[in-house]
Amino acid sequence: MDTIALITGANKGIGFQTARLLAAAGATVLVGARDRRRGLDAEESLKQAGADARFVQLDVAEEASVRRAAEWVGAEFGRLDVLVNNAGITGGASLPSQTPQDCLRTVFETNVFGVVAVTNAMLPLLRKAPAARIVNVSSGVGSLTWMLDPDSPMWRLTSVPYPASKTALNMVTLMYAKELWETAIKVNAANPGYCATDLNAHSGFLTAEQGAQVVVHLATLPPDGPTGVLWGDLWPAVDGKAEGVVPW
Ligand code: NAP
């Protein structure tokens, strides 16, 4: 049976590379993008690389768009095997004391509320798959442990919207994992590592493809794989391993 995988924010960056890698592994990839032109361009570029790719208009912060996307997936495929909640924004960086409220709201709308909205809309379809996987693309900056470690690269960060949204997303991940504990559905958060994408003006030292490999690992977990973990790029490497379970 074909794997049907929906990736939000799949028109570029880590989302696009995730779609590319999942398609290369044989999945039918549903390319979620809020902008029709950018989504269709991504679909075309994936198809040219031999992928079975379908664009679906999906703005995670727009209720009607999320509902239409779920109806479309249901009508076309009747189920969903993989949901990658990848769409995300940073809202820029500012000192906590100077955080604009509207920025905080906008970032949470996409990075947290959007994930809950899309997951809840897709859950009936995920339940129809034999063993669905949900991957929430989080970040090491959401790790309270790392953020409080003066030796960690996260220590120098002092901004509320993005890190707080990823910490909230980690908790969201745990709660879904717990609700679905007795099912075959696994829900995990991914730390792709610091990847060069538009999100950070390409300052990252990993490629988007390297970040996507972490996401694909969680999207294709075997039945005995974990649920309710934050997994991915490790700082510092543990026992020589650059990837593993990230502390909360
Ligand atoms: P990116 O290249 O800027 O891509 C972000 C994607 O999210 C774009 O496709 C963007 O669409 C989409 N998006 C934003 N708001 C959306 C909305 N309301 N509805 C639907 N799509 C929306 O960034 P990226 O680095 O690949 O980031 C992907 C994910 O990885 C994010 O969740 C980010 O927090 C996470 N992450 C990234 C890094 C890193 O170092 N790059 C590290 C850790 C975690 P448009 O093109 O229309 O704007």
Side-chain angles (χ1 to χ4, degrees), residues 6-21 29-43 45-46 55-66 68-69 83-93 103 105-119 121 135-143 146-147 153-154 157 159 161-170 172-173 189-216 218-219 230-235 243 246:
L6 169 65
I7 303 101
T8 67
N11 55 289
K12 65 178 180 179
I14 295 167
F16 178 81
Q17 292 300 329
T18 299
R20 196 177 65 72
L21 293 176
V29 290
L30 312 183
V31 181
R34 58 179 162 178
D35 180 85
R36 184 176 167 76
R37 186 68 268 151
R38 291 196 284 271
L40 285 171
D41 285 350
E43 177 197 77
S45 137
L46 288 164
F55 159 67
V56 52
Q57 198 282 332
L58 179 45
D59 184 330
V60 304
E62 288 286 333
E63 214 179 304
S65 168
V66 172
R68 275 196 307 268
L83 170 63
V84 178
N85 286 307
N86 163 80
I89 54 172
T90 67
C103 169
R105 277 199 196 92
T106 307
V107 172
F108 268 70
E109 241 354 294
T110 300
N111 296 5
V112 185
F113 301 168
V115 171
V116 173
V118 173
T119 304
V135 184
N136 295 332
V137 183
S138 183
S139 169
V141 307
S143 163
W146 283 0
M147 220 19 123
M154 319 300 163
L157 296 176
S159 181
Y162 186 68
S165 75
K166 294 301 188 183
T167 305
L169 178 60
N170 291 346
V172 166
T173 305
N191 174 29
Y194 192 29
C195 306
T197 66
D198 287 351
L199 190 90
N200 50 33
H202 294 260
S203 58
F205 41 75
L206 299 172
T207 63
E209 180 178 354
Q210 286 173 307
Q213 281 163 0
V214 166
V215 180
V216 169
L218 293 174
L230 171 60
W231 190 91
D233 190 63
L234 279 183
W235 178 94
E243 284 174 9
V246 176

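Quick caveat: nothing in here was measured; it's all calculated off a predicted structure. Ligands are counted one by one from 1 in listed order, and the atoms in each one are counted from 1 as well.
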Specify side chain, backbone, both or neither for K166, according to which of its non-hydrogen atoms lie closer than 4.0 Å to ligand 1.
side chain
Side chain, backbone, both or neither: which part of R38 has a heavy atom under 4.0 Å from ligand 1?
side chain
Closest protein heavy atom (residue, atom, distance) for atom 1 (P) of ligand 1:
K12 CE, 3.9 Å
pair V116-V172: side-chain heavy atoms closer than 4.5 Å
yes
Closest non-hydrogen protein atom to atom 40 (O) of ligand 1, residue and atom name please, with distance?
C195 N, 2.8 Å
Go through ligand 1 atom by atom and flag the ones less than 4.0 Å from a non-hydrogen atom of N200.
39 (C), 40 (O), 41 (N)
If hydrogens are left out, which of D198, D59, L169 has an atom nearest to atom 18 (N) of ligand 1, that is, the closest non-hydrogen atom?
D59
Checking side-chain polar atoms at under 3.5 Å, does N170 have a donor or acceptor matched by the opposite partner on S138?
yes
Identity and separation of the nearest protein heavy atom to atom 19 (N) of ligand 1
V60 N, 3.0 Å
Check: N85/T119 side-chain N/O donor and acceptor closer than 3.5 Å:
yes
What heavy-atom pair brings V60 and A117 nearest, and what distance separates the two atoms?
O-CB, 4.5 Å
Less than 3.5 Å between some nitrogen or oxygen of S139 and one of ligand 1, yes or no?
no
With side-chain contact (heavy atoms from CB on, under 4.5 Å) as the test, would you mind laying out the steps for T197 and N200 before giving the verdict?
CA-CA 6 Å; T197 66; N200 50 33; 4.1 Å; yes
Among all protein heavy atoms, pick out the one at the shortest distance from atom 23 (O) of ligand 1; state its residue, atom name and that distance to 0.1 Å.
L199 CB, 3.4 Å
Close-contact set for ligand 1 against I89 heavy atoms, below 4.0 Å
14 (C), 15 (N)
From CA spacing to verdict: side-chain contact (heavy atoms from CB on, under 4.5 Å), D35, N11
CA-CA 9 Å; D35 180 85; N11 55 289; over 6 Å; no
Is the contact between T197 and ligand 1 made by the side chain, the backbone, both, or neither, using heavy atoms and a 4.0 Å cut-off?
side chain
Please state which part of Y162 comes within less than 4.0 Å of ligand 1, counting heavy atoms only: side chain, backbone, both or neither.
side chain
Ligand 1 N/O within reach of A10 N/O, cut-off under 3.5 Å:
no
Hey, mind stepping through T8 and N86 against side-chain hydrogen bond (donor to acceptor under 3.5 Å, both in side chains) and telling me if it holds?
CA-CA 5 Å; T8 67; N86 163 80; 5.2 Å; no
Quick one: nearest non-hydrogen protein atom to atom 12 (C) of ligand 1, plus distance?
G9 CA, 3.7 Å
Is it the case that the side chain of K166 and the backbone of V137 share a donor-acceptor pair, with hydrogens and angles ignored and the cut-off at 3.5 Å?
yes
A196 contact mode with ligand 1 (heavy-atom cut-off under 4.0 Å)
neither
Could you pull out, from G39, A87, G193, the option with a heavy atom nearest to atom 13 (N) of ligand 1?
A87
List every atom of ligand 1 that sits less than 4.0 Å from any heavy atom of P192, numbering the atoms from 1 in the order shown and giving each element.
36 (N), 43 (C), 44 (C)
Polar proximity ligand 1 side, N191 side, N/O cut 3.5 Å exclusive:
no
Just jot down the ligand 1 atoms closer than 4.0 angstrom to any heavy atom of V137, in number order.
29 (C), 30 (O), 32 (O), 35 (C)
Is there a donor-acceptor pair closer than 3.5 Å between any side-chain N or O of S159 and the backbone N or O of A93?
no
For ligand 1, is there an atom lying under 4.0 Å from some heavy atom of G140?
no
Of all protein heavy atoms, the one nearest atom 28 (C) of ligand 1 is N86 OD1, 3.1 Å
Could you walk me through whether V56 and V31 pass the side-chain contact (heavy atoms from CB on, under 4.5 Å) test, one step at a time?
CA-CA 6 Å; V56 52; V31 181; 6.0 Å; no
Checking side-chain contact (heavy atoms from CB on, under 4.5 Å) for the pair E243/V214: CA distance, chi angles, key distance, verdict?
CA-CA 8 Å; E243 284 174 9; V214 166; 3.7 Å; yes
Verify, without hydrogens or angle tests, whether Q57 (side chain) and R36 (backbone) share a donor-acceptor contact under 3.5 angstrom.
no
Do D59 and S65 have side-chain atoms, one donor and one acceptor, less than 3.5 Å apart?
no
I'd like to check whether Y194 has a polar contact with ligand 1, where a contact means an N/O of the residue lying under 3.5 Å from an N/O of the ligand.
no
Taking atom CG of L169 and atom CG of N136, what is their separation to the nearest 0.5 Å?
5.0 Å
Among all protein non-hydrogen atoms, which one is nearest to atom 48 (O) of ligand 1, and what is the separation to 0.1 Å?
R34 NH2, 2.8 Å
Nitrogen or oxygen atoms of G15 and ligand 1 under 3.5 Å apart:
no
Ignoring hydrogens and geometry beyond distance, is a side-chain donor-acceptor pair present between S139 and N191 at under 3.5 Å?
no
Report, in ascending order of atom number, the atoms of ligand 1 lying under 4.0 Å from any heavy atom of L58.
19 (N), 20 (C)
Does E209 have any salt bridge (charged side-chain N to carboxylate O under 4.0 Å, His left out) partners at least two apart in sequence or in another chain, and if so, which?
R20
Do me a favour and list the nearest non-hydrogen protein atom to atom 26 (O) of ligand 1 with residue, atom name and distance?
I14 N, 2.8 Å
Report yes if some N/O of N11 lies less than 3.5 Å from some N/O of ligand 1; otherwise report no.
yes
